[in-house]
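Worksheet: the structure to be examined is printed underneath.
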Protein chains: 2
Amino acid sequence: MDSDNDSPFGYDAYRRTCPSHTVLEMLASKWVYLTVCALRRGRMRNGELARKLEGITPKMLTQTLRVLERDGLVRREIFPVIPPRVEYELTDLGRNLAGLLNQIRSWSEEHAPDIKAARTRASMDPQADIATLG
Amino acid sequence: MDSDNDSPFGYDAYRRTCPSHTVLEMLASKWVYLTVCALRRGRMRNGELARKLEGITPKMLTQTLRVLERDGLVRREIFPVIPPRVEYELTDLGRNLAGLLNQIRSWSEEHAPDIKAARTRASMDPQADIATLG
DNA sequence: CGGTATCCCGGCCGATACTG
DNA sequence: CAGTATCGGCCGGGATACCG
């Protein structure tokens, strides 16, 4: 989808065939990144996760975990006891994704300051015209 | 935001302080990935981009490019001629981002099949219960 | 040609309440 | 404890029309 030929970059083709889209779409979900990071430390109960991901609602917690489970990144284990006990952990694939997150994080730490700086400049620019007029 | 201590992963703190969020939020935008990929080949006119990014509306094209410009990833050059002529190109930072996109793409090509497979299994599973009952 | 301006819809996500 | 159910707001993004 980037270095092949000079054919068009249709979004539909991108969505259906480009592997990057699958991954980026996942990472775009609001709680996915934080959830994977939280689970990097190891197996965890639902309640522990809820506390770690502070501010998350039960609905979003479940929804996020279900998606990650469906995609093979998280394994869910149910203990048939009262009161209920459910534990989550990263699969190999999930830990592998965490590796990609590290790469993203590494790039971001190095370059996010440049982006922030550009944003600041951009928001100053309307003034800059005036400032240079004196 | 992942390997430091065991403090909570609040979304607010993530959004305001974690560099990854800045980047992932950008990449989550529908046309950003494709636009950066399109611009990798070099400087291009607005019309060329519009044709390459097939299906994009003028509004989204402009909006995407403005964001990328604001963030210092794309440079915009205006030629004061009639009819108007505007060209876009990646900045150093933009080309650098393309490098990250390569890493993401590389990971995705390697692992997206596993994700797809997991999804297929997940959608089969309700049947699996039945299939194993005979 | 290279954009704006406007309208509008679908879906993500939050808040809240309820259940086994 | 670990979820589900329901309602509703916000907003990203598509369609369309207009402008210098």
Side-chain angles (χ1 to χ4, degrees), chain A residues 9-15 21-22 24-35 38-39 43-71 74-89 126, chain B residues 8-15 21-35 38-39 43-71 74-89 126:
Chain A
F9 294 77
Y11 184 79
D12 191 49
Y14 168 52
R15 185 172 62 77
H21 181 268
T22 305
L24 286 175
E25 190 185 33
M26 225 180 40
L27 297 181
S29 175
K30 182 165 176 181
W31 292 97
V32 163
Y33 180 92
L34 290 172
T35 303
L39 283 174
R43 175 180 281 249
M44 215 174 297
R45 295 188 58 169
N46 186 306
E48 295 175 78
L49 265 175
R51 257 169 279 116
K52 253 199 175 322
L53 303 175
E54 68 177 21
I56 198 171
T57 60
K59 173 186 155 186
M60 283 315 295
L61 179 57
T62 299
Q63 179 175 312
T64 304
L65 288 167
R66 288 295 186 282
V67 168
L68 293 177
E69 189 193 7
R70 182 203 61 181
D71 289 358
V74 159
R75 186 166 25 248
R76 176 165 172 250
E77 185 168 2
I78 309 169
F79 299 81
V81 296
I82 307 266
R85 174 189 185 90
V86 175
E87 289 184 359
Y88 293 94
E89 64 180 345
Chain B
F9 295 77
Y11 183 78
D12 191 51
Y14 168 52
R15 185 172 62 76
H21 181 269
T22 305
V23 174
L24 285 175
E25 190 184 32
M26 225 180 40
L27 297 181
S29 177
K30 184 165 177 182
W31 292 96
V32 163
Y33 180 92
L34 290 173
T35 303
L39 283 174
R43 175 180 280 250
M44 214 174 298
R45 295 188 59 169
N46 185 306
E48 295 176 77
L49 264 175
R51 259 168 278 114
K52 253 199 173 327
L53 302 175
E54 67 178 21
I56 199 172
T57 59
K59 172 185 155 188
M60 284 314 297
L61 180 58
T62 299
Q63 179 176 312
T64 303
L65 288 167
R66 288 298 185 281
V67 168
L68 292 176
E69 188 192 8
R70 181 204 61 181
D71 288 359
V74 160
R75 187 169 21 250
R76 176 165 172 251
E77 187 169 0
I78 309 169
F79 299 81
V81 296
I82 307 267
R85 173 187 185 92
V86 174
E87 290 185 356
Y88 295 94
E89 66 180 343

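Just so you know, these numbers use all the heavy atoms, side chains as well, and skip hydrogens, waters and symmetry mates. Here is how names work: the chains are called A, B, and so on, in the same order as the sequence lines, proteins then strands, and each is numbered from 1.
Proximity of B/S29 to the phosphate of D/dG13: a side-chain N or O atom is located under 4.0 Å from OP1 or OP2. Side-chain N/O atoms of B/R51 include none lying less than 4.0 angstrom from OP1 or OP2 on C/dC1. Using a 4.0 Å cut-off, no side-chain N or O of A/R85 falls inside it from OP1 or OP2 of D/dA2. The shortest distance between the side-chain N/O atoms of B/Y88 and the OP1/OP2 oxygens of C/dG3 is below 4.0 Å. For the OP1/OP2 pair of C/dG2 and a distance below 4.0 Å, the side-chain nitrogens and oxygens of B/R76 include no atom meeting the criterion. Of the side-chain N and O atoms in B/R45, none sit less than 4.0 angstrom from OP1 or OP2 of C/dC1.
Heavy atoms of B/F79 sit nowhere under 4.0 angstrom from any nucleic acid atom.
Below the 3.5 angstrom threshold, one finds a donor paired with an acceptor across the side chain of B/K59 and the base of D/dG14.
In this entry the distance linking CG of A/L61 with P of D/dT4 reads 10 Å, nearest Å. In this structure, the NZ atom of A/K30 is 12 Å from the C1' atom of C/dA15, given to the nearest Å. The nearest whole Å value for the distance from the CD atom in B/Q63 to the C1' atom in D/dG14 is 11 Å. Between B/M60 atom CE and C/dA5 atom C1' the separation is 15 Å, expressed in whole Å. Between the CG atom of A/L34 and the P atom of C/dC13 there is a distance of 12 Å, given to the nearest Å. What separates CD1 of A/I56 from C1' of C/dA15 is a distance of 14 Å, to the nearest Å. Per the geometry, CH2 belonging to A/W31 stands 10 Å off C1' belonging to C/dG14, to the nearest Å. Atom CZ in B/R66 sits about 18 Å away from atom P in D/dG12, given to the nearest Å.
Across B/L65, B/D71, B/T64, a single residue satisfies side chain to side chain contact (heavy atoms under 4.5 Å, CB included) together with B/V67, and that is B/D71.
Contact annotation: the side chain of B/K59 approaches that of B/Q63 to within less than 4.5 Å [non-hydrogen atoms, C-beta and beyond]. Looking at B/L27 and A/L27, their side chains never come closer than 4.5 Å, going by heavy atoms from C-beta outward. Annotation: side chain of A/R76 is in contact with side chain of A/R66 (closest heavy-atom distance under 4.5 Å).
Which of D/dG14, C/dA17, C/dG2 sits closest to the side chain of B/T57 comes down to D/dG14.
Projected onto DNA chain C by closest heavy-atom contact, B/L65 and A/P84 fall at different nucleotides, the more 5' of which corresponds to B/L65.
Between B/L24 and A/Y33, the shortest heavy-atom contact is CD1-CD1, 3.5 Å.
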